[in-house]
Protein chains: 2
Amino acid sequence: MSTKISLDQWQALIAVVDEGGYAAAAEALGKSQSAISYAVQKIETELGIRAFTLEGRRAKLTETGDMLYRQAKLLLEEAGRIENSAIQSSHGWEPLVRLAADALFPRQQALCALVTLAEESPLTRVEFQETVLSGSEEALLRHEADVVVTGRVPPGFMGDHLMRVRFIAVAAPGHPLHQKGELSLEDLRAHRQLVIRDSGKRRLDSGWLGAEQRWTFSYGGSRREALLRGLGFAWAPETEVDGDLEAGTLQPLPLKEGGERYGDLYLVYADGQYAGRAARFLGESLKASCRNPDTDH
Amino acid sequence: MSTKISLDQWQALIAVVDEGGYAAAAEALGKSQSAISYAVQKIETELGIRAFTLEGRRAKLTETGDMLYRQAKLLLEEAGRIENSAIQSSHGWEPLVRLAADALFPRQQALCALVTLAEESPLTRVEFQETVLSGSEEALLRHEADVVVTGRVPPGFMGDHLMRVRFIAVAAPGHPLHQKGELSLEDLRAHRQLVIRDSGKRRLDSGWLGAEQRWTFSYGGSRREALLRGLGFAWAPETEVDGDLEAGTLQPLPLKEGGERYGDLYLVYADGQYAGRAARFLGESLKASCRNPDTDH
DNA sequence: GCAATATCTTCGAAATATCTGATATGTCGA
DNA sequence: TCGACATATCAGATATTTCGAAGATATTGC
């Protein structure tokens, strides 16, 4: 393994890009300008490439430089994370836990677990990100969360099964599908389906067997609104619509077969066995809340 | 961002663990023993933790130390990779391209593309890894390949659609399923299904709707063998069994409905837009071979 | 077109961090 | 208790990084 370039040198390169120049970078890092110049040159000569070209009196990133910049930035973040996690591991509760939970996971339970954590460790801050489809997976891969509730466990991570979510096909009582008696899956295809848009950067179309027409909604109340107005039908998680089912404002579609679908949710720690104390505690609380979901707060 | 610890210091820690002691680490890194001691102590004081405890006259990793060790090892690898990719980017063709292709992808086409690459850049070495199910995804996430043909594109990566693979349900002519006339999917459940085992570290059961009994095979000829002997049925990619279908040693099951399934394969560059010249060339060759699959070599 | 300004480079000297070699401290086994 | 072994510590040597000032080059304003 080579590692001719030190972290400080990478940091210099990054600062030059972020601050928009050698002088500004020097300021930001609290060093002299020539130190920056020296560090960047060292990278260039060691690797035999040019990271910047002088465009007029301004330094401009080359293609290669841009590549290095992005990768080095990740490298530094990673390095910082390692140091932090080390410090945390010795101090008991970490100061921040980031939870990313798929929107399918009942909010009630997530909040309940967070409350439990707050009682145990009041000084630990919490960031709660609600995600859709691949969003939770992405949070995991980018290390943007410490505890993740996701429908898919990426390879290389350990997932604990949390719960099974039941989806039912629903539509407003006045929707034409409710006039036809027993329905087959074929009947659904002819109608407009309301689906949730992926919150990941990369938009994956959710895999539900394709209706001809589909409208997509970002997560939030908007899809429910559209359902209530009879704009289409949807496969919705049971917990999301049980209020409306009781109230009668939505009704399950009378499907002959395949009237239910299931999805599974898993609990994953981003740091695996090295998850911090608070992360672990939160994870256990989530699992507990799934074992006996009655004990609401 | 902190980064109080330099890469060299992490390297010292790693060497101590790998070589089994400060003295051995010093030897391995070509430095004096006190330099190692100094570096490790610096880590410990900067982070306020203990990485090693003296157990008798031997240094032993603490829990925290173990965590640091593993993470630091990844960090160093990452750093090395960045430097290499930089060097490569300036030298035209990179010396090595690693291709990970799902076994569903026709070998013919992969080899054909590799041959094209070899003609263009004879000095570029190739590593070809055949993967199953999540294996290709894992190769991507762990950065164990530069060009990947996978059935699933992890969030955050850009995938180019390469081809659609048709699966058909097949069994040997003598298999009981062939005696029953038209079959429903229900009929299949009662019979033994032969599936391919995931090559990823984490074993995911492939998602095919569950038969009651399933036997799993690692990739290779073994499943075909079992099929030929009438040990069960399988969903097999068309290209894998067309020889046997022509020869009559396997026959498609006469399913009333759902007699075909489809999977899609995507081309992904691990380094996105910064893929090297050879990686890009290989990717383009793969795409070309999918556009006109006739021009075999 | 010319001076003033902004920006990066270069260079020798100074500051700092790291390394070496010798020695100290502590453990294990006989 | 002694000798072999393993890490810790210390003082001086070495290497690297940094600084400040002067130099080079392009932009700006007049």
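Letters A, B, ... mirror the listed sequences (proteins, then strands); counts begin at 1. Reckoned from all heavy atoms, side chains included, excluding hydrogens, waters and symmetry mates. Note that the coordinates shown come from a computational prediction; the quantities given were computed from them, not determined experimentally.
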Any residue meeting ring-ring contact (aromatic ring centres under 6.0 Å, His included) with [X], in chain and number order, not counting sequence neighbours:
X	result
Tyr22(A)	Phe52(A)
Tyr266(B)	His161(B)
Phe281(A)	Trp93(A)
Tyr69(A)	none

(request) Kindly write out the residues that satisfy side chain to side chain contact (heavy atoms under 4.5 Å, CB included) with Leu96(A), not counting sequence neighbours, or none if the list is empty. (result)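 For Leu96(A) the side chain to side chain contact (heavy atoms under 4.5 Å, CB included) partners, ignoring immediate neighbours, are Arg98(A), Arg125(A), Glu127(A).
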(message) Applying side chain to side chain contact (heavy atoms under 4.5 Å, CB included), can you list everything that pairs with Glu19(A), at least two apart in sequence or on another chain?
(response) Ala24(A), Ala28(A)
(request) Spell out protein contact along nucleotides 14-26 of chain D as letters: B when the base is contacted, S when just the sugar-phosphate is, - when no protein heavy atom is under 4.0 Å; keep the 5' to 3' order. (result) ---BBBB-----B
(message) Using a 4.0 Å cut-off on heavy atoms, which residues in residues 18-27 of chain A reach DNA chain C? List them by number, or say none.
(response)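 Gly21(A), Tyr22(A), Ala23(A), in order of number.
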(request) Scan residues 61-70 of chain B for pairs that pass salt bridge (charged side-chain N to carboxylate O under 4.0 Å, His left out), counting only residues two or more places apart or in two chains. (result) Asp66(B)-Arg70(B)
Give the rounded distance in Å between these two atoms: [atom1] of [X] and [atom2] of [N].
X	N	atom1	atom2	result
Lys60(B)	dA6(D)	NZ	C1'	16 Å
Gln41(A)	dC8(C)	CD	C1'	9 Å
Leu54(B)	dA24(C)	CG	P	19 Å
Arg58(A)	dT7(C)	CZ	C1'	8 Å

(message) For Asp18(A), give me all partners under salt bridge (charged side-chain N to carboxylate O under 4.0 Å, His left out), at least two apart in sequence or on another chain.
(response) Lys73(A)
(request) With sequence neighbours excluded, tell me which residues meet salt bridge (charged side-chain N to carboxylate O under 4.0 Å, His left out) with Arg50(A). (result)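 Here the qualifying residues are Glu44(A).
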(message) Roughly what angle, to 10°, lies between the helix axis at the start of the helix from dG1(C)-dC30(D) to dA30(C)-dT1(D) and the one at its end, five pairs per end?
(response)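 Rounded to the nearest 10 degrees, the bend comes out at 30°.
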(request) Look at Lys42(B) together with Glu46(B) and state whether they make a salt bridge at an N to O cut-off of under 4.0 Å. (result)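 No, no charged N to carboxylate O under 4.0 Å.
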